[in-house]
Amino acid sequence: MKIYVPRDAAARALGSDDIAAAITAEAAKRGMTVQIIRNGSRGMVWLEPLVEVETPEGRLAFGPMTAAEVPALLADLKNHPKALGLTDALPWMAKQTRLTFARVGVIDPLSLADYEAHGGLTGLRRALTMDSAAIVAEVTDSGLRGRGGAGFPTGIKWKTVAEAKADRKYIVCNADEGDSGTFADRMLMEGDPFTLIEGMTIAGIGTGATKGYVYLRSEYPDAIEVMTAAVEIARAAGLLGPSVLGSGKAFDMEIRTGAGAYVCGEETSLLNSLEGKRGTVRAKPPLPALQGFMGKPTVVNNVISLATVPVIFEKGAAHYKDFGLGRSRGTIPLQIAGNVKHGGLFEVAFGLTLGEIVDVIGGGTATGRPVKAVQVGGPLGAYFPRALFDTPFGYEEFGAKEGLIGHAGLVIFDDSADMLKQARFAMEFCAIESCGKCTPCRIGAVRGVETVDRIAKGDANAIPLLTDLCNTMKSGSLCALGGFTPYPVMSALNHFPDDFAPQMREAAE
Amino acid sequence: MQTSTEIAARVGEILDAHEGMEGPLLPILHAIQHAYGYVPRDSLPVIAKRLNLTRAEVHGVMSFYHDFREDPAGKHVLKLCRAEACQAMGGDRVAQHAQNRLGIEWHETTKDGQITLEPVFCLGLCACAPAALVDGKVVGRVDEARLDQIIEGVR
């Protein structure tokens, strides 16, 4: 009997380790032979711990599982109180287009054989038959844009590095996923680490880089463990090293751990941190593509961007590009979080409206109260009111509504949320995490907290001051921390003016 | 407490192990903190000398990052997520409960030296918020009752 119990951090946070132990104990008691696979998560976090049992008909899902319900799992599957039916037939799964996350939750994350049996390494093998220009062209043709948030075309970045002349070049994977409401990088690294390794290797072969680094945040101990083990396995199997899969082309990589600084998710700050310096932001130009890590040409890409590369090479650029809307091509792993009934990861082509994502897929709030606001794109993303729920999910579409999709995290708030408090938090967070390089960010965020506090005390004159301050931060900061903190602040102010009006605040108190 | 000579010897071994690495300072600081539970002040000049940096530069790097401690933490470290997804599920209320229950503020350690309370901004457990990290282990859907259990569990 083969049973899948996720080792994903969200599943573990909800008790999957206890379930795995209970299954082992129960099997021993019954004298049964049970093989437990610690897979990634299928992304249905509200059903975690989600246990799957392999049957001739397919994998049957049971969840959320409790230790008390484990004995029944080894007895009468059909009448189990938590039986959900075939995993792949669940509406959440059936409605998705899983390209980047095709194997996450399906395979044993640390089995290279399992990885290959599910299409792994097909993309790399194809890339190894192509020259540098053809590899870069394939990525450009796919329309893939940086999934970290900025949305810069990945192929153009690769082309710049490929054409740069240098004795050394690097591939740096930005796995400093610090935005609240996002966990796609974590799930990918914990559930299908070889995909990231394969994507980075293709990037190396395509641009002439021989060394890669994954800058992985320290807040993800589980992901660090899985990625570190996966790199060792890949090296032992000849996937990494002086001759990638016997091609004669070299590529190797290292996992590096961050140290709790949010700003290191910004690429130039990340590079400084990787070099062992303070994580302060660098001015651009020079572009990291020309003078990045150690001053050498460097591709800095997000986990999801790099992990999407293998499927582009496996199925072809045209296949990937066929999905999406406008200039947002392909699929996007939505991360639905916060106060939501059905939270988790849902990979789908660009183009669903915000309302469909929140009300239909997410099923509304966990508390059952009305949705008041949705923050899209992390702590630097705007708060969207219900009035903007018709906005289609795409880079330009959200930009047109004074927002951003960022890393595609959505945090849902019910009507008990105080948007002035959220605006204050945005400023407070910026003040704590500012690297200190730009004055509008370093000082402005502190003044921002004070100004919001004035508004909270009923000083309506402070409202234009806050608007002015936001404009200064927006145009006077080098990176998105100072530059985008105005998004949550101004969207809260503009879309929820009642929460800032003195008479309304008095009434509420 | 170790003498500065003992620290220099142990830190020297850690530095040896990182020889030849590109940009080794963060891995070195992590290794020292892993060995001691914090980064002893006496280790900074040793690192500076080996990496050909000034003490001020090493201190500047160490103090930039939230992870590195100048002093030992309590026996257990409880990190509570303060980011937006956890706020949406009552994280602020749970944090307040933790502070009241332990009688300490953020970054402080209980008088008996048992528990250090720290804020963290996102553990990637945003769909099972509020989230906590207890001695490196993840916990989801932390309400007041669950938090009391966690505190009882480590005490």
Side-chain angles (χ1 to χ4, degrees), chain A residues 9-10 12-14 45-46 48 177-183 185-187 211 213 218-223 256-262 273-280 293-294 335-340 343-345 366-367 375 378-379 409 411-414 417 421-422 425 429 432-433 435, chain B residues 18 21-31 33-34 39 47 51 53 57-69 79 81-92 106 118-142:
Chain A
R12 295 179 97 166
L14 297 171
V45 177
W46 79 97
E48 294 288 359
E177 186 181 47
D179 290 351
S180 175
T182 64
F183 43 84
D185 297 355
R186 180 186 64 65
M187 274 186 60
K211 182 76 193 261
Y213 288 97
S218 62
E219 292 86 347
Y220 284 180
D222 294 90
R256 288 287 177 92
T257 308
Y262 174 76
S273 182
L274 203 58
E275 289 178 7
K277 299 174 184 152
R278 290 165 67 89
T280 45
F293 183 60
M294 300 291 176
Q335 300 129 80
I336 311 172
N339 192 339
V340 63
L345 184 133
T367 45
Q375 188 178 28
V411 176
I412 296 159
F413 291 78
D414 73 11
K421 198 176 150 196
Q422 296 310 124
F425 176 78
F429 182 71
I432 294 171
E433 297 298 332
C435 81
Chain B
H18 290 80
M21 206 178 212
E22 293 178 305
L25 188 48
L26 258 69
I28 288 169
L29 291 170
H30 273 303
Q33 178 145 307
H34 185 72
V39 182
I47 302 170
L51 299 186
L53 298 169
E57 283 171 307
V58 178
H59 175 78
V61 170
M62 185 197 148
S63 57
F64 182 87
Y65 298 96
H66 299 302
D67 281 4
F68 301 124
R69 302 173 199 285
K79 295 191 185 205
C81 179
R82 295 196 59 207
E84 289 89 343
C86 289
Q87 291 168 15
M89 289 301 283
D92 288 348
W106 297 116
E118 290 186 339
V120 61
F121 292 97
C122 200
L123 296 166
L125 305 172
C126 319
C128 52
L133 196 65
V134 188
D135 294 334
K137 278 190 72 180
V138 287
V139 190
R141 291 197 198 114
V142 181

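Please read all numbers here as calculations on a predicted model, not as lab measurements.
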Is it true that a side-chain atom of B/H66 and a backbone atom of A/Y262 form a donor plus acceptor pair closer than 3.5 Å?
no
Any side-chain heavy atom of A/C435 within less than 4.5 Å of one from B/F64?
yes
Kindly list each side-chain donor-acceptor pair under 3.5 angstrom involving residues 82-92 of chain B, sequence neighbours excluded, with atom names and distances?
residue, atom, partner, partner atom, Å
B/Q87, OE1, A/Q422, NE2, 2.9
B/Q87, NE2, B/R82, O, 2.8
B/D92, OD2, A/K421, NZ, 3.0

Tell me which of these, A/A261, A/S273, A/A10, has more heavy-atom pairs under 4.5 Å with chain B than the rest.
A/S273
The interface call for A/D185 against chain B, heavy-atom contacts under 4.5 Å, is neither
First locate atom CG of B/L123, then atom OH of A/Y220, and finally report the distance between them rounded to the nearest 0.5 Å.
8.0 Å
How long is the span from the CG atom in B/L26 to the CD atom in A/E275, to the nearest 0.5 Å?
11.5 Å
Please state whether the side chain, the backbone, both or neither of A/A223 comes within less than 4.5 Å of a heavy atom of chain B.
neither
Is it the side chain or the backbone of A/V411 that comes within 4.5 Å of chain B heavy atoms, both, or neither?
side chain
If you tally heavy-atom pairs under 4.5 Å against chain B, which of A/K277, A/R12, A/K211, A/E48 wins?
A/K277
Please determine, among A/G378, A/G178, A/A259, A/P379, the option with the most heavy-atom pairs under 4.5 Å with chain B.
A/A259
Where is the tightest heavy-atom contact between A/A13 and B/L125, given as atom of each residue plus distance?
CB-CD1, 4.0 Å
Do B/C122 and A/E177 have side chains that approach each other closer than 4.5 Å (heavy atoms only, starting at C-beta)?
no
Can you say whether A/I432 sits under 4.5 Å from chain B via the side chain, the backbone, both, or neither, judging by heavy atoms?
both
List, one per line, each side-chain donor-acceptor pair under 3.5 Å for residues 126-135 of chain B, sequence neighbours excluded.
residue, atom, partner, partner atom, Å
B/D135, OD1, B/V77, N, 2.8
B/D135, OD2, B/H76, ND1, 2.7

Other residues, nucleotides and ligands only: do more than 12 of their heavy atoms fall within 6.0 Å of NE2 on B/H59?
no
Side chain, backbone, both or neither: which part of A/T182 has a heavy atom under 4.5 Å from chain B?
backbone
Could you check which of B/G140, B/C81, B/P27 has the highest count of heavy-atom pairs closer than 4.5 Å to chain A?
B/G140
Can a donor-acceptor pair be found between the side chains of A/S218 and B/Y65 at a distance below 3.5 Å?
no
Check the pair A/E433 / B/F121 against side-chain contact (heavy atoms from CB on, under 4.5 Å), numbers first and verdict last.
CA-CA 10 Å; A/E433 297 298 332; B/F121 292 97; 3.9 Å; yes
Heavy-atom pairs under 4.5 Å with chain B, option from A/F425, A/F413, A/F183 with the top count:
A/F425
Backbone N or O of B/V61 within a donor-acceptor pair of the A/R278 side chain at under 3.5 Å?
no
Can a donor-acceptor pair be found, under 3.5 Å and without considering hydrogens, that links the side chain of A/R256 to the backbone of B/G23?
yes
